[in-house]
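Convention: sequence-line order gives letters A, B, ...; per-chain numbering from 1. Only a predicted model underlies this, so the values are computations on that prediction, with no experimental measurement involved.
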Protein chains: 2
Amino acid sequence: MATIKDVARVAGVSVASVSRVLNNGPKVSKATIEKVTRVMQELNYSPNANARALVTQKSTTLGVVIPNLVDPFFASLAQGVEQVARQKNMQLLLSTGLVSAETEMQAINLLIERRCEVMVIHSKKLSDQALIALANQVPGLVLIDRYIEAIAQRCIWLDNLEGGRIAARHFLALAHKNVACISSKYQIDDPRLRLQGFQSELLSAGVDIEPELIAYGEPTLQGGEIAVQKLLASGKSFSALFVYNDAMAIGAISALEDNGFKVPSEISVLGFDDVLLSRYSRPKLSTLNYPVEEMAIHAASIGIDLASKQPKNTANINCKYIPSLVKRESTSFNLT
Amino acid sequence: MATIKDVARVAGVSVASVSRVLNNGPKVSKATIEKVTRVMQELNYSPNANARALVTQKSTTLGVVIPNLVDPFFASLAQGVEQVARQKNMQLLLSTGLVSAETEMQAINLLIERRCEVMVIHSKKLSDQALIALANQVPGLVLIDRYIEAIAQRCIWLDNLEGGRIAARHFLALAHKNVACISSKYQIDDPRLRLQGFQSELLSAGVDIEPELIAYGEPTLQGGEIAVQKLLASGKSFSALFVYNDAMAIGAISALEDNGFKVPSEISVLGFDDVLLSRYSRPKLSTLNYPVEEMAIHAASIGIDLASKQPKNTANINCKYIPSLVKRESTSFNLT
DNA sequence: TTGAAAGCGATACCAA
DNA sequence: TTGGTATCGCTTTCAA
């Protein structure tokens, strides 16, 4: 592959001149520009981004660390970041398949080795402490879907507690008293807070959830199916079901109908996230909107700003998002 | 950020020695290893991947070019590649948002600038000619979901024509004679071949599709909804509908039911791709399985092999995949 | 407006 | 087993 030296030699100029036309540098004669440009095409020259990154000490790479791509929630997240990357002429370096604190750390370390200056991280396994250390090391690191007090201005997060409360209020408004819940088996903040907000708001209205009516499962379609089976196996009846996320909710509805329960006439089901799919499931899923793509765009923008020499937004940026209720068909007034 | 020189200086050894312990090089004393390792931790040293790539002339990057991430089909594709990347200790460089031949070319050029040696490309806009030129330039470039004769051994593709035939045979076996079809408005090979195989197989059984019963739309959930409306607006009736992909099919079902048609008792709907979602839609979607993740893994593996010094599989690798019918609930015997 | 040369951070060859 | 050093491809002063 042709190098800058080849171009310089063939064009009969110095590498400095080639570099100048490459970077639209100042003070290059039109003649040189034309000559060099022609030779670059002749030789099919492509500048080496690694060499460039090395000498300029800056990467045009935007790192993203997420658990997987198959979950549409994370796909939207990645898509949001990609959008910003494209706009800023940067490229996405993507890591998925994270299962433990070690793999998360490893993924981030690889980004650091690449000297990636801005990164959008979705980490659930790493400790606050580890993340804080990382954030101090990498100015352009932004956490999404996680809140850590010490680096609050680097966290873009959703108020899950309030989300749970909103769900509870919705059920109360629909006169539901026998309420069940499906949460994630991974007891990280999100499911915990959603459940906590949900329970506390119900409780303050005098509604209690029986322990047998809280099931845990893998946060996937299949996980939702299995969790519903556990709920049904308890023998307790319920008229409303709040589910950790849309995927589980749709799995849950699927299993409920397979067991002869009508949604929403017999059981109302409320999801969380508002992934595209929820608009097209049958019945259309009532859910809480999680503006993840918008948040991802926000996160990437902040990261880029923070990584630049003079960051503008140091303080008082609003990093907290509140989910909003999207009422569709899977929830209805309790007639029992 | 600490460099190899800093480590060498503090540890009181040469950079060569540091490099050796970094790469588990041969002939390093245990004492040196320990000393250097300790200093590396002290200084929080992280080797610069760009410098490494420059001097070794090889990147540990696996490039992926796809239209978007939100479509679960492409998400699965990316996930498959990522899986191989992880296993081979490589990282994903991802480009999405492709809308034209220019943007596709640009995305690939950026990968070339990064000296990315293996790339899995999903291109629909670039010409055969352009892709062939690129393939000759980049030994590790593999095309997925596209077939080009001249570089057949670099293409991993699905037999869409046969897919269309399988769909037709399924409808014929279910005694459907009034058949409609929704295709993609982007008349690239995939929809064209699917439709062609579908029509020709029906025709050879004496079944013709009325022109008004072929609609085109955006290959998305919304696109499917809108296309169905066009079909219904034609006033012609039909008992079976073959749809370009699952997303459109689910949108189509949604719109059919909104218009009072029962699926499958009144209208059978058959999708294409078998994305995860199709198992959880209501009714569960009958579709044709497109083993995209498996194909992506295959593509990435071939790319890595091709990019290596002595590729093993030069010829007679099977690059053609055949879709298989997955009968679920959205298709049934015609009783009209 | 142009060129010479230093240097970015690593690897790897050749001597010692 | 170690160290010195040329080198990868480029950018960026500093002089000319």
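Rounded to 10°, the helix from dT1(C)-dA16(D) to dA16(C)-dT1(D) has 40° between the axis fitted to its first five pairs and the one fitted to its last five.
Once you apply a 4.0 Å limit to the heavy atoms of chain B, the touched nucleotides of DNA chain C run 5' to 3' over dC8(C) to dC13(C).
Between the Lys125(A) side chain and the Glu102(A) main chain, no donor and acceptor come within less than 3.5 Å of each other. Of the possible polar contacts, none joining the Asp305(B) side chain to the Ser301(B) backbone as a donor-acceptor pair under 3.5 Å is found.
Rounded to whole Å, the distance from NZ on Lys5(A) to C1' on dT11(D) is 13 Å.
Side-chain atoms of Arg114(B) and Thr61(A) form a donor-acceptor pair, as typed in the model, at a separation below 3.5 Å.
Where Arg115(B) and Ser14(B) meet DNA chain D, the nucleotide closest to each residue was compared, and Ser14(B) sits on the side nearer the 5' end.
Within the nucleic acid shown, Val18(A) has no heavy atom closer than 4.0 Å to any nucleic acid atom.
Sorted by first and then second residue, the salt bridge (charged side-chain N to carboxylate O under 4.0 Å, His left out) pairs involving residues 138-147 of chain A (not counting sequence neighbours) are Lys124(A)-Asp145(A), Asp128(A)-Arg146(A).
In this view, Arg20(A) satisfies the side-chain hydrogen bond (donor to acceptor under 3.5 Å, both in side chains) rule with no residue, not counting sequence neighbours.
DNA chain D lies under 4.0 Å from at least one heavy atom of each of the following residues of residues 27-39 of chain B: Lys27(B), Val28(B), Ser29(B), Thr32(B). Of the residues in residues 44-56 of chain B, those with a non-hydrogen atom less than 4.0 angstrom from any atom of DNA chain C are Tyr45(B), Ser46(B), Pro47(B), Asn48(B), Ala51(B), Arg52(B), Leu54(B), Val55(B), Thr56(B).
Dashed line: the shortest gap from a side-chain N or O of Ser17(B) to OP1 or OP2 of dT2(D) is not under 4.0 Å.
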